[in-house]
Engineer: 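Okay, handing you the structure first.
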Amino acid sequence: MAQNNSVHLWLRKETKPLEHRTVLSPDVAKYLIEQAYPGFKITVEKCNDRIFKIEDFEEAGCQIVETGTWRTAPLDTIIIGLKELPENDFTPLPHKHIMFAHCYKQQTGWKEVMKRFIEGKGTLYDLEFLLDDNNRRVAAYGFYAGFTGSAVGINSWCHQIISPNEKMPPIQPYSHEDILIAELKDKIAKVGRAPKILVIGALGRCGSGAVSLARKAGVPEENIIKWDMAETAKGGPFKEIIDADIFINCIYLTSKIPPFVNQDLINDPNRNLSVIIDVSCDPNSPNNPVPIYDTWSSFADPLLDIKTTSGKPLKLCAIDHLPSMLPRESSIMFCKDLLPSLLNLTDIETYPVWARAKKLFLEKSNEALA
């Protein structure tokens, strides 16, 4: 590992509502400051929503600054954050940025995002595309995305049965997953039976998280149907989906495939399905395998009403920051996995993880200008 230059890493405040996670934990910051050679300077913006207290970062040796001051940071500073920047801001971006920008899969407004970097002569190192030598993401929130998505699915299913005439209440973050598990077990007990859950993408990070939550909540193994590439190879739509109570989509898709469900399928009068959790959550992507909706839901309003002629309600959850339900556990896992790559920011131009990310950024920049 070549280490020639010190690094100034700047953790900005998240601007996405109800985002409590962080891409840099106090423990990881402390390690970078104290153990990395030739050293890291870490600046942290104040943020009331972040799961870790600002005092924890201060004790770790970080410099504490006001919110939004990253814009005037020295140009050699690397700005790190979790979620994308506000959509209504079109100012050029001159810094190196590490974040989930959600602009490499032709999402709505992706060219405008790319042009901010192009005009500012900055660089995007997208967290979603930091890949190791085996083309596997070095760090991902996938496990807890599936874990919390499965929790929303079970909670929604129970709510429809226990309180059929009441709107699903807003999602609140949990300080510990044990509290969430206990709540789900209690609701399943009130219903009197466990749901039948179909998970597609069950062998991946996200799918394994969905299955893990279902098991912890007490759903019997025979009620958890685990599908992956072998089961979907024949191409959808799949009637098996509407035979389940809950369908959880956990696949990572970069090319178009036949849809898993379509309008004809959900209009089936014999449909049992009442909840869809689209953890993959790409409603504005042409590759969306659940093409029965075109917008997101939110923590404040978790479920979309899907139009159907079957006479039975169908709810869909499409929240792109579900792991924020368990911000502490999900952040600790992500930051630990990201640490080895952060240590190599001293060699950002040639270290493979960062070099590949920059190469992809340049390719997407050319696409945006085409």
Side-chain angles (χ1 to χ4, degrees), residues 1-16 19 22-48 50 52 54-86 88-101 103 112-127 129-130 139 335 338-351 353-362 364-365:
M1 177 175 68
Q3 294 176 317
N4 303 312
N5 304 297
S6 60
V7 174
H8 185 185
L9 201 56
W10 190 298
L11 178 63
R12 61 174 170 81
K13 179 188 183 298
E14 297 298 325
T15 56
K16 197 174 189 73
E19 181 56 80
T22 179
V23 72
L24 191 67
S25 67
D27 285 346
V28 165
K30 182 179 177 68
Y31 187 90
L32 291 171
I33 292 169
E34 296 183 355
Q35 303 296 326
Y37 175 83
F40 277 68
K41 176 182 178 181
I42 298 180
T43 300
V44 178
E45 293 188 358
K46 295 177 181 177
C47 176
N48 293 330
R50 194 183 291 130
F52 300 107
I54 197 67
E55 290 82 7
D56 296 336
F57 287 98
E58 192 169 20
E59 290 176 8
C62 302
Q63 175 190 21
I64 309 303
V65 296
E66 295 300 321
T67 295
T69 48
W70 62 267
R71 297 175 184 278
T72 56
L75 291 182
D76 61 350
T77 304
I78 300 174
I79 312 301
I80 188 168
L82 184 65
K83 302 301 287 187
E84 67 273 19
L85 296 168
N88 58 354
D89 188 343
F90 301 101
T91 55
L93 296 170
H95 296 93
K96 294 181 177 70
H97 281 259
I98 300 172
M99 62 177 169
F100 287 106
C103 63
E112 286 71 19
V113 175
M114 294 302 301
K115 287 176 181 177
R116 294 184 67 186
F117 286 98
I118 296 167
E119 291 172 3
K121 299 182 179 179
T123 306
L124 168 64
Y125 296 87
D126 198 302
L127 287 165
F129 299 92
L130 298 185
C335 296
L338 188 61
L339 176 57
S341 298
L342 293 178
L343 285 167
N344 283 283
L345 282 173
T346 52
D347 197 20
I348 193 170
E349 294 300 326
T350 59
Y351 184 68
V353 169
W354 301 111
R356 280 190 287 264
K358 183 175 181 179
K359 181 175 182 289
L360 180 60
F361 164 73
L362 294 174
K364 295 297 181 179
S365 296

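Side chains included, hydrogens not; waters and symmetry mates left out as well; all remaining heavy atoms used.
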Engineer: Do Leu345 and Tyr351 have side chains that approach each other closer than 4.5 Å (heavy atoms only, starting at C-beta)?
Structural biologist: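 Answer no - side chains too far apart.
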
Engineer: Return the NE2 to CZ distance between His95 and Arg12, rounded to the nearest 0.5 Å.
Structural biologist: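 The distance works out to 12.5 Å.
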
Engineer: May I ask you to test the Thr123-Trp354 pair for a side-chain heavy-atom distance under 4.5 Å?
Structural biologist: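 Contact flag for Thr123/Trp354 side chains = no.
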
Engineer: What pairs with His8 under ring pair (Phe, Tyr, Trp, His ring centres under 6.0 Å), at least two apart in sequence or on another chain?
Structural biologist: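 Trp10.
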
Engineer: What are the two closest heavy atoms between Val28 and Cys335, and how far apart are they?
Structural biologist: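 Reported closest heavy-atom pair: CG2-O, 3.7 Å.
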
Engineer: Just verifying a value: how many Å separate Ile42 CD1 and Leu342 CG, rounded to the nearest 0.5 Å?
Structural biologist: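 Between Ile42 CD1 and Leu342 CG, I get 8.5 Å after rounding to 0.5 Å.
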
Engineer: Who are the side-chain hydrogen bond (donor to acceptor under 3.5 Å, both in side chains) partners of Lys115, not counting sequence neighbours?
Structural biologist: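 In terms of side-chain hydrogen bond (donor to acceptor under 3.5 Å, both in side chains), with neighbours along the sequence ignored, Lys115 is linked to no residue.
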
Engineer: Going from CG on Asp347 to OG1 on Thr350, what distance comes out if it is rounded to the nearest 0.5 angstrom?
Structural biologist: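 These two atoms lie 3.0 Å from each other.
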
Engineer: Under the side-chain hydrogen bond (donor to acceptor under 3.5 Å, both in side chains) test, which residues partner Glu34, sequence neighbours left out?
Structural biologist: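 Scan of Glu34 (side-chain hydrogen bond (donor to acceptor under 3.5 Å, both in side chains), adjacent residues dropped) gives Lys30.
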
Engineer: side-chain contact (heavy atoms from CB on, under 4.5 Å) with Glu19: which residues, sequence neighbours excluded?
Structural biologist: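 Glu14, Lys16, Arg21, Leu82, Lys83, His321, Ser324.
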
Engineer: Do Cys103 and Met114 make a side-chain contact, defined as non-hydrogen atoms from C-beta onward lying under 4.5 Å apart?
Structural biologist: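 Yes, their side chains come closer than 4.5 Å.
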
Engineer: Can you name the residues that form a ring pair (Phe, Tyr, Trp, His ring centres under 6.0 Å) with Tyr31, not counting sequence neighbours?
Structural biologist: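 Ring pair (Phe, Tyr, Trp, His ring centres under 6.0 Å) list for Tyr31, sorted by chain: empty.
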
Engineer: For the residue pair Ile348 and Ile78, establish whether any side-chain heavy-atom pair is separated by less than 4.5 Å.
Structural biologist: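 A side-chain contact exists here, since the closest heavy-atom pair is under 4.5 Å.
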
Engineer: Between CG of Leu9 and CD1 of Ile33, what distance do you get to the nearest 0.5 Å?
Structural biologist: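 Answer rounded to 0.5 Å: 9.5 Å.
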
Engineer: Return the set of residues passing side-chain hydrogen bond (donor to acceptor under 3.5 Å, both in side chains) with Lys13 (not counting sequence neighbours), or none when no residue passes.
Structural biologist: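 Checked Lys13 against side-chain hydrogen bond (donor to acceptor under 3.5 Å, both in side chains); zero matches.
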
Engineer: Any non-hydrogen side-chain atom of Glu45 less than 4.5 Å from a side-chain atom of Leu11?
Structural biologist: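 Answer no - side chains too far apart.
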
Engineer: Could you list the residues that satisfy side-chain contact (heavy atoms from CB on, under 4.5 Å) with Glu349, not counting sequence neighbours?
Structural biologist: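 For Glu349 the side-chain contact (heavy atoms from CB on, under 4.5 Å) partners, ignoring immediate neighbours, are Lys96, Tyr125, Lys358.
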
Engineer: How long is the gap from CG on Asp126 to CE on Met99, to the nearest 0.5 Å?
Structural biologist: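 So the gap between those two atoms works out to 7.5 Å.
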
Engineer: With heavy-atom distances below 4.5 Å as the criterion, would you say the side chains of Leu124 and Leu93 are in contact?
Structural biologist: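 Counting from C-beta outward, Leu124 and Leu93 never come under 4.5 Å.
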
Engineer: List in chain and number order the residues that pass side-chain contact (heavy atoms from CB on, under 4.5 Å) with Gln63, two or more places apart in sequence or in another chain; answer none if no residue qualifies.
Structural biologist: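 Testing Gln63 for side-chain contact (heavy atoms from CB on, under 4.5 Å), a comparison that skips the adjacent residues, returns Lys41, Thr43, Val65.
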
Engineer: Please find the pair of heavy atoms, one from Leu85 and one from His97, that lie closest to each other, and give the distance.
Structural biologist: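 Scanning both residues completely, I find the closest heavy atoms to be CD1-CE1, 4.4 Å.
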
Engineer: Suppose the criterion is salt bridge (charged side-chain N to carboxylate O under 4.0 Å, His left out): which pairs have a residue in residues 61-77, not counting sequence neighbours?
Structural biologist: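 Sorted pair list: Lys46-Glu66, Arg71-Asp89.
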
Engineer: Are Leu127 and Val23 packed together at the side-chain level, in the sense that at least one heavy-atom pair is separated by less than 4.5 angstrom?
Structural biologist: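 The answer is yes, as the side chains (C-beta and beyond) meet within the 4.5 Å cut-off.
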
Engineer: Taking ring pair (Phe, Tyr, Trp, His ring centres under 6.0 Å) as the test, write out the residues that go with Phe52, two or more places apart.
Structural biologist: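 Ring pair (Phe, Tyr, Trp, His ring centres under 6.0 Å) list for Phe52, sorted by chain: empty.
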
Engineer: How close do Ala73 and Ile79 get, counting heavy atoms only, and between which atoms?
Structural biologist: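 What the structure gives for the nearest pair is CB-CD1, 4.3 Å.
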
Engineer: Indicate yes or no for a side-chain donor-acceptor contact from Glu112 to the backbone of Phe90 under 3.5 Å, with no hydrogens or angles considered.
Structural biologist: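 Here the side-chain-to-backbone pair does not exist.
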
Engineer: Could you measure the distance from the CG atom of Leu32 to the CG atom of Leu339? Nearest 0.5 Å is fine.
Structural biologist: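 If we round to the nearest 0.5 Å, Leu32:CG and Leu339:CG are 5.5 Å apart.
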
Engineer: Listed by chain and number, what are the ring pair (Phe, Tyr, Trp, His ring centres under 6.0 Å) partners of Phe361, not counting sequence neighbours?
Structural biologist: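 Partners of Phe361 by the ring pair (Phe, Tyr, Trp, His ring centres under 6.0 Å) criterion, ordered by chain and then number, come out as Phe117.
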
